[in-house]
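Just below is one structure, and these are the notes that go with it.
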Amino acid sequence: MPSTYRNLEIDILRGICVISIIMIHTTFWSGGAYVPWPVQSLSLLIDVPAFFFIAGASVAYTQKIQPIKVIYKMMLYFGVTLLIYDIAQSIITHTINFDATLSAFGLHGFETPLLPVFGGSYWFVPVFCAVSILAAIILEYFPKAIAGFILGGLILYVLGYFMNFHVGGKFLHTTLNFCIFYTSLYLLGYLFIQKQYFCNYQFALSLIIIGLLGFILTYFLKGGNQFFILQSSKFPVSLPYVLASLFGIGLLLITWNLWKKFSSINGGGAIIKFLTFAGQNAIHFYIAQGISSSFLLKIAPKIQIFWIPKLALCFCINFILCVLCVAVLKIFFGYLETFLQKLR
C-alpha cells in the first residue's frame, strides 16, 4: 500500500487544484470582460476533473469510500453556509426566504444573487455526491469492471461527439453526461494508486499523448469555431473537454514529479506547506473561493489597466480574500463540528 509520503503528495496535488480553481474563477467570472478566450481555455486544463482523479487516488490510498459520509459533509458545510447567507439576505431584503438552504440540503442547484459565484460553483457538489455513490458500487461489487467502465466512457464521448447523440437521464439531480465522465476519472485515479503509478512517468505521459494527439485529431476531423473554447464543451461534457482534461491531469503529474526532483517534500517549504494545507481543507477553499470570487466581481471593473497585470492583480486579490475566508470558515466549522460531536 502507498505510504504516508504518498498520501502527502495526494494532498499537495489537491492543493494545486485548489489554486487552479481560484485562477479559473478569476479568469471567467470577473475576467469574462477582459481576459482573452485562449487564456480562459488554458486555465481549464487543470480543473474539476483533476479533483475527481485525485479523489479516486485518495480512496485507493485509504481503502475507504464512504458515500454517505461524503454527502453528509457536503450538505452540512454548504447547507450551513447557505443558511447564514439566506438569513443575511432576508435581513437585507426584508423577505424571509430559505430557498438556497433547502436546495442545498436537497442537492439542487440554486442562485445566490449577493454571491453569484458561490451559487454558480455549487454544481460540483451534487456531481461529487453522485459519483461517490456510483464509484462505491463499482469498487465494492464490480472491481474487475473498472478498466472497462473507463474505456467505455471514453468511447461513449467519442461516439457522442462524432455521431451527434446525447446521453439522457439524471442521478441525484446530476446528468448521466456528468456522471459517466467524472466517475471514469475517479476510477482512473483509483487505478493510478492501485497500480503504483505515482512515480511512473509512463502513466502521465500516456495521458498527455492520448489527450494531445486525440485533441489534434478530433480538431482535424470535426473542428469548428468553438472547438478551442473549452468552456463550450464543459457544459455539457463533450470530447474536446475530455481530451483536454486527460492532457491536463498528465501535465499535473509530470510537473509534480519534476518539482520533487528539485525540492524536498520532507523539507516542508512554505509553498509545500500551504499546498498541503489547501489540499487537506479543500472543501473550505471551495466554499471560500465562491465568496471571494463574488467580491472580486465588484472590484475588478474598477481596475483599469492592461489585461495581463490586471489578471495577475485580480488573482492576488482573489487569493488573499479566499485565504481570509478560509480562516473564518475553519474557526466556525471547527466550533460547529465540536458541538455536533457532543450530540452524538
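None of the values given here were measured: they were computed from a predicted structure. Computed from heavy atoms alone, side chains included, the values below leave out hydrogens, waters and symmetry copies. Along the sequence shown, residues are numbered consecutively beginning with 1.
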Is a donor on one side and an acceptor on the other found under 3.5 Å between the side chain of S293 and the backbone of G290?
no
Exceeds 12 heavy-atom contacts within 6.0 angstrom, atom CZ of F142
no
Answer yes if I210 and L213 sit in the same cluster of Ile, Leu, Val, Met, Phe, Trp and Tyr residues linked by side chain heavy atoms under 4.5 Å apart, and no otherwise.
no
If the test is ring pair (Phe, Tyr, Trp, His ring centres under 6.0 Å), which one of F181, F192, Y190 qualifies with F53?
F192
Non-hydrogen atoms of L246 and G211 that approach each other most closely:
CB-CA, 4.4 Å
Taken to the nearest 0.5 Å, the spacing of L115 CG from Y85 OH works out to 5.5 Å
Give the minimum heavy-atom separation between P67 and I133, together with the two atoms involved.
CB-CG1, 3.8 Å
Tell me, do D86 and L102 make a side-chain contact under 4.5 Å, heavy atoms counted?
no
Closest heavy-atom pair, T112 versus G119, reported as atoms and distance to 0.1 Å, is OG1-N, 3.0 Å
Applying the 4.5 Å side-chain criterion to the ILVMFWY set and letting contacts propagate, would Y141 and I150 be lumped into a single cluster?
yes
With a 3.5 Å distance limit and no angle check, can you tell me whether S30 reaches the backbone of L297 through a side-chain donor-acceptor pair?
no
Given side chains that start at C-beta, do those of S232 and Y241 come closer than 4.5 Å, heavy atoms only?
no
From CD1 (I299) to CG (L313), nearest 0.5 Å:
9.5 Å
Does the separation of the ring centres of Y219 and F228 fall below 6.0 angstrom?
yes
Give a yes or no on whether the backbone of K170 and the side-chain of T175 come within a donor-acceptor separation of less than 3.5 Å.
no
Could you walk me through whether E140 and I65 pass the side chain to side chain contact (heavy atoms under 4.5 Å, CB included) test, one step at a time?
CA-CA 9 Å; E140 181 68 26; I65 179 167; 5.9 Å; no
Interatomic distance, CD1@I180 vs OG1@T174, rounded to 0.5 Å, equals 12.5 Å
Determine whether F339 and L83 fall in the same hydrophobic cluster, where Ile, Leu, Val, Met, Phe, Trp and Tyr are linked whenever their side-chain heavy atoms lie under 4.5 Å apart.
no
Examine distances only and state if a side-chain atom of T27 and a backbone atom of I24 form a donor-acceptor pair shorter than 3.5 Å.
yes
Determine whether the aromatic ring centres of F215 and F247 lie less than 6.0 Å apart.
no
I96 to F98 - nearest heavy-atom pair and separation:
CG2-CE1, 3.4 Å
Could you tell me whether the side chain of S20 and the main chain of I46 form a donor-acceptor pair under 3.5 Å?
yes
Are I209 and F203 in one and the same hydrophobic cluster, where Ile, Leu, Val, Met, Phe, Trp and Tyr link if side-chain heavy atoms are under 4.5 Å apart?
no
Do V48 and C17 have side chains that get closer than 4.5 Å, going by heavy atoms?
no
Cut-off 3.5 Å, side chains only: do T276 and D11 have a donor facing an acceptor?
no
Any heavy-atom pair between the side chains of L251 and L207 that's under 4.5 Å?
no
Main-chain N/O of Y161 paired to K222 side chain as donor or acceptor, under 3.5 Å
yes
Smallest separation among heavy atoms of G279 and R14, with atom names:
O-CD, 3.1 Å
Is a side-chain N or O of Q289 found less than 3.5 angstrom from the main chain of C322, in a donor-acceptor match?
no
Judged by atom type as modelled, is there a donor-acceptor pair below 3.5 Å linking the side chain of N97 to the main-chain atoms of D99?
yes
Which label fits F178 and W123: parallel for a plane angle under 30°, tilted from 30 to 60°, or perpendicular past 60°?
tilted
Kindly indicate whether the side chain of I305, heavy atoms from C-beta on, has any atom under 4.5 Å from the side chain of I303.
yes
Evaluate the side chain to side chain contact (heavy atoms under 4.5 Å, CB included) criterion for residues I249 and I54: first the C-alpha distance (whole Å), next the side-chain angles of each, then the deciding distance (0.1 Å), finally the verdict.
CA-CA 9 Å; I249 293 170; I54 294 167; over 6 Å; no
Count the heavy atoms of every other residue, nucleotide or ligand shown that sit under 6.0 Å from CD of E111, and state whether that count exceeds 12.
no
Is it the case that more than 12 heavy atoms not belonging to F110 sit under 6.0 Å from its CZ atom?
yes
Mind checking whether Q231 and S41 have side chains closer than 4.5 Å, heavy atoms only?
no
Does a side-chain heavy-atom distance below 4.5 Å link P143 with I138?
no
Taking it one step at a time, do I21 and F285 satisfy side chain to side chain contact (heavy atoms under 4.5 Å, CB included)?
CA-CA 9 Å; I21 294 297; F285 272 87; over 6 Å; no
Are F28 and F319 co-members of a hydrophobic cluster defined by side-chain heavy atoms under 4.5 Å apart?
yes
Taking the cut-offs as 6.0 angstrom to the six-membered ring centre and 45 degrees off its axis, would you call K73 and Y77 a cation-pi pair?
yes
Inspect the surroundings of CZ in F165 and state if more than 12 heavy atoms from other residues, nucleotides or ligands are less than 6.0 Å away.
yes
Just by distance, no angles: are the side chains of N318 and T26 close enough, under 3.5 Å, to form a donor-acceptor pair?
yes
Please check if the distance between the ring centroids of Y182 and F51 is under 6.0 Å.
no
Are any non-hydrogen side-chain atoms of H108 and P126 less than 4.5 angstrom apart?
no
How long is the span from the OG atom in S132 to the NZ atom in K69, to the nearest 0.5 Å?
12.5 Å
Less than 6.0 Å separating the ring centroids of F78 and Y122?
yes
Under 6.0 Å between the ring centres of F128 and Y286?
no
Rounded to the nearest 0.5 Å, what separation is found between the CG atom of L243 and the CG atom of L230?
10.0 Å
Given the rule in the side chain to side chain contact (heavy atoms under 4.5 Å, CB included) test, do I283 and F333 qualify, once you have shown the distances and angles that lead to the verdict?
CA-CA 11 Å; I283 190 169; F333 282 111; over 6 Å; no
At what distance, to the nearest 0.5 angstrom, does CG of L134 lie from CG of L172?
8.0 Å
Donor-acceptor pair, N177 side chain versus P236 backbone, under 3.5 Å?
no
Tell me whether T101 contacts the main-chain N or O of L82 through its side chain, where contact means a donor paired with an acceptor under 3.5 Å.
yes
If you look at every heavy atom in F118 and S294, which pair is closest and at what distance?
N-OG, 3.7 Å
